[in-house]
Number of protein chains: 2
Amino acid sequence: MSDVARVAGVSKMTVSRVLAGHRVADKTRERVRQAIDKLGYVADAAAGALSSGRSEFVAVLVPSLSSSNFSDTVRGLTTVLEPHGLQLLLGDTDYELDREERLVRSLLRHQPRCIALTGAQHTDATRKLLERSGIPVVEMWDLPTNPIDTAVGFSNVRAARAMVRHLAERGYQRIGFLGGASALDTRGLDRLKGYRAEIKALGLGEPRVVRLGDSPITMSHGAPAMAALLAQWPDTDAVMCVSDMSAFGAIMECHRRGLSVPGDMAVAGFGNFEVAECCHPRITSVSVDPYGIGLRTGEALLAALEARDAGTEAASQSIRIEFEIVARESA
Amino acid sequence: MSDVARVAGVSKMTVSRVLAGHRVADKTRERVRQAIDKLGYVADAAAGALSSGRSEFVAVLVPSLSSSNFSDTVRGLTTVLEPHGLQLLLGDTDYELDREERLVRSLLRHQPRCIALTGAQHTDATRKLLERSGIPVVEMWDLPTNPIDTAVGFSNVRAARAMVRHLAERGYQRIGFLGGASALDTRGLDRLKGYRAEIKALGLGEPRVVRLGDSPITMSHGAPAMAALLAQWPDTDAVMCVSDMSAFGAIMECHRRGLSVPGDMAVAGFGNFEVAECCHPRITSVSVDPYGIGLRTGEALLAALEARDAGTEAASQSIRIEFEIVARESA
DNA sequence: TTGAAAGCGCTACCAA
DNA sequence: TTGGTAGCGCTTTCAA
């Protein structure tokens, strides 16, 4: 920066002002601009952050980047935050709370302005770190009973119950559930919980649950899960899956066995992924708007930052994202 | 850090050493550790970076995070780099060179130790920025004729040619191509180029090309593209798609029209996505190992950093990733 | 509208 | 094995 200042014949301060967009005489600004171009100067963000006490980082934690769910949420966040000059600092927890804790610790070192994480479950240490950090926190994809700060999500339990009701209304009586085996995917577990609750509420007999595969649940989990379900409960007439991915795999397994969907077996998914709309038959699913979760989270973070700048503390709130049963051919 | 030092009864320097893992007497280290825990101290990475002149950042640019291709590459990078305490700084170019340039400029401000970008095509300004930055650069997913520094990828042209040959060997004569309309997805364009070249080399008549949809090409692009192809060239007997995603959509469209795959229409994909293995019929594809590209890129970056630390300049090289035709039922 | 000085929190370097 | 000092490149603050 001194070099630029020397070349432009001004002080470092003026260069700094030009970069920050503060008021500077047009002629001066022009000279500084030229010096910057000539030297190929790139300001050092670390020095700026240190000096001003504020970084341009927003920390974001998702369980997995390979799931389109969360990458869509990240896209939503980027859309909102990037125009404000904020840079995402992304971490991938792999559905492990310990990893989440390590990542929070490591990301916090960069003094992010705020942080968004996925889910309501965290280690005690994570919670403590976040509370101590003093920055706005958003928990996404769930509505915690005891949020750290702000939450943006929906009740996976209720969404799953709604899907069971949908199947029951269509006349299915022997409804199974295909989920993941992981004890860490709390959103998946909540869906299972919702399934059990609604099966019980409707008096549809014993739950028929197959849990198989690590999160994120992918297409390859659906076929073996469907096979296991049929082996144990051959008279099942409908199945709801923890994700459209496994629903797709399950439908393919039905086709392989010559079972028609939904004639012999109705199959419902969750998440309204693209495959649900593209495959044949199209999959009945729960639409949950991952991109919208990202947008709303970004907006909540910006609001919290603005409130902070204005000296007022933003009231933390829980923002409910609507879900919707999308009825298609498969169930 | 002064607080920690005071509580532990040592100097700031000793605290710094404990954090950096340098040699410190066990007893001292223990006292410092306790002080850190007691105060909930989190070191400021920006100050550290400024002072030491080296950040812990690795900048990574991908065209899209929603494509499993690139998120797998990112996973590979994380796997290699995280154990070395390096933090990814991720940017999403949306297949736009201008956006790439803006992102490079913005990421460079954080003084990353090295940078990985996708593809061989960049604006002049981007190239200049990267060259001036003086940090190791890796271009991924392609083998540029004129690489900036190191490259890790494969020839999309040759991979596409191999697929056309595969189809021709199976006896297909009237082979179409379904690709995206974007002029920015150079990997997609290279595949198209390979298709044209091989069709010509084999004397298979006029190319039958449908270009439709923005990158990243998804499942929803396949059906309309297949429809357009059949409208213009009804006697087509095989089609190769720029991605397994569109191949899947194309197959679904065939099913809807009562065309059997591969009996009436053979369909080949590209990328060996999960859907290729899970759907029915399973899709013949080109396997290209996105995760491996991430791993090798990470290793190349580490090697360059180590060489730099040792004072030797690492020779930039082009690392070829093998691709492979995976023959399945669809073609 | 511009400049000078002080200092952000840490690490490199040299001294003890 | 530990401590003191200087300074990384910027922004804040106040003065001109």
Side-chain angles (χ1 to χ4, degrees), chain A residues 1-33 35-36 39-57 85 87 105-113 132-135 309, chain B residues 1-33 35-36 39-57 85 87 105-106 108-113 132-135 309 311:
Chain A
M1 190 180 256
S2 308
D3 295 347
V4 176
R6 186 158 12 83
V7 170
V10 297
S11 74
K12 271 174 26 178
M13 236 359 270
T14 302
V15 177
S16 174
R17 288 196 182 98
V18 170
L19 262 62
H22 294 163
R23 42 183 320 114
V24 165
D26 287 354
K27 265 172 54 184
T28 319
R29 186 198 324 285
E30 202 34 52
R31 263 188 302 143
V32 172
R33 281 264 151 73
I36 288 176
L39 299 176
Y41 168 72
V42 177
D44 182 328
L50 179 59
S51 180
S52 67
R54 59 159 46 190
S55 77
E56 299 164 346
F57 289 127
Q87 163 70 231
R105 203 180 295 277
S106 137
L107 295 182
L108 245 26
R109 295 185 359 101
H110 296 287
Q111 316 275 122
R113 298 278 294 278
R132 271 184 164 163
S133 73
I135 58 177
D309 285 352
Chain B
M1 188 180 257
S2 310
D3 295 347
V4 174
R6 187 159 10 81
V7 170
V10 297
S11 74
K12 273 177 21 178
M13 240 355 271
T14 301
V15 177
S16 173
R17 288 195 183 100
V18 170
L19 262 65
H22 293 163
R23 42 184 321 114
V24 166
D26 287 353
K27 265 172 54 184
T28 319
R29 186 198 326 283
E30 201 36 51
R31 263 189 301 145
V32 173
R33 281 264 151 74
I36 288 175
L39 299 176
Y41 168 71
V42 177
D44 182 329
L50 179 60
S51 180
S52 67
R54 58 158 49 189
S55 77
E56 300 163 345
F57 289 127
Q87 163 71 231
R105 203 181 296 275
S106 137
L108 245 27
R109 295 186 358 101
H110 298 286
Q111 316 274 121
R113 299 277 294 279
R132 271 184 164 163
S133 74
I135 60 177
D309 285 353

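Basis for what follows: all heavy atoms, side chains included, without hydrogens, waters or symmetry-related copies. No experiment lies behind these values; they were computed from the predicted model shown. Reminder, nothing fancy here: chain letters follow the sequence lines and each chain counts from 1.
Distance CE/B:Met1 to OG/B:Ser11: 9.5 Å, rounded to 0.5 Å. Interatomic distance, B:Ser55 OG to A:Asp44 CG, rounded to the nearest 0.5 Å: 9.0 Å.
A:Val7 pairs with exactly one of A:Leu39, A:Ile36, A:Val15 by the side chain to side chain contact (heavy atoms under 4.5 Å, CB included) rule, that one being A:Leu39.
When the C1' atom of D:dG9 is taken as reference, atom CG of B:Leu50 falls 6 Å away, rounded to whole Å. Between the P atom of C:dA12 and the CG atom of B:Asp309 lies a distance of 12 Å, rounded to the nearest Å. The distance from atom CE of B:Met1 to atom C1' of C:dT11 is 8 Å, rounded to the nearest whole Å. Taking atom CG of A:Leu19 as the reference point, atom C1' of D:dG9 lies 12 Å away to the nearest angstrom. Atom-to-atom, CG of B:Asp26 to P of D:dT1 comes out at 9 Å; the value is rounded to the nearest Å. A:Glu56 places its CD atom 12 Å from the C1' atom of D:dC10, with the value rounded to the nearest Å. Distance B:Lys12 NZ to C:dG9 P: 9 Å, rounded to the nearest Å. Rounded to whole angstrom, the span from the CZ atom of B:Arg54 across to the C1' atom of C:dT11 amounts to 12 Å.
Among the nucleotides C:dT11, D:dT1, C:dC8, the one closest to the side chain of B:Ser51 is C:dT11. Side-chain atoms of B:Arg17 lie closest to C:dC14 of the nucleotides C:dG3, C:dC14, C:dG9.
Nearer to the 5' terminus of DNA chain C, by closest-nucleotide assignment, is the contact made by B:Ala46 (compared with the other of B:Ala46 and B:Met13). Mapping B:Gly9 and B:Ser52 onto DNA chain D via the closest heavy atom, the residue that lands nearer the 5' end is B:Gly9. Positionally, the nearest nucleotide of DNA chain D for B:Val10 lies more toward the 5' end than for the other of B:Val10 and A:Gly48.
Using a 4.0 Å heavy-atom cutoff across all strands shown, B:Ala43 reaches sugar-phosphate atoms only and no base atom. Using a 4.0 Å heavy-atom distance criterion, A:Arg23 is classed as a sugar-phosphate-only contact.
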Exercise for review: Under the side chain to side chain contact (heavy atoms under 4.5 Å, CB included) rule, what do A:Glu56 and B:Arg109 come out as? Steps first, then yes or no, please.
Suggested key: CA-CA 11 Å; A:Glu56 299 164 346; B:Arg109 295 186 358 101; 3.0 Å; yes

Review point. After noting the C-alpha distance and the side-chain angles of A:Val18 and A:Thr28, does the key distance pass the side chain to side chain contact (heavy atoms under 4.5 Å, CB included) rule?
Key: CA-CA 9 Å; A:Val18 170; A:Thr28 319; 5.9 Å; no

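Phosphate proximity of D:dT2 to B:Thr28: present, with a side-chain N or O under 4.0 Å from OP1 or OP2. Look at B:Thr14 and you won't find any side-chain N or O under 4.0 angstrom from OP1 or OP2 of D:dT1. Under 4.0 angstrom from either OP1 or OP2 of C:dC10 there lies at least one side-chain N or O belonging to B:Tyr41. Within the 4.0 Å cut-off from OP1 or OP2 of C:dA4, not a single side-chain nitrogen or oxygen of A:Ser11 is found.
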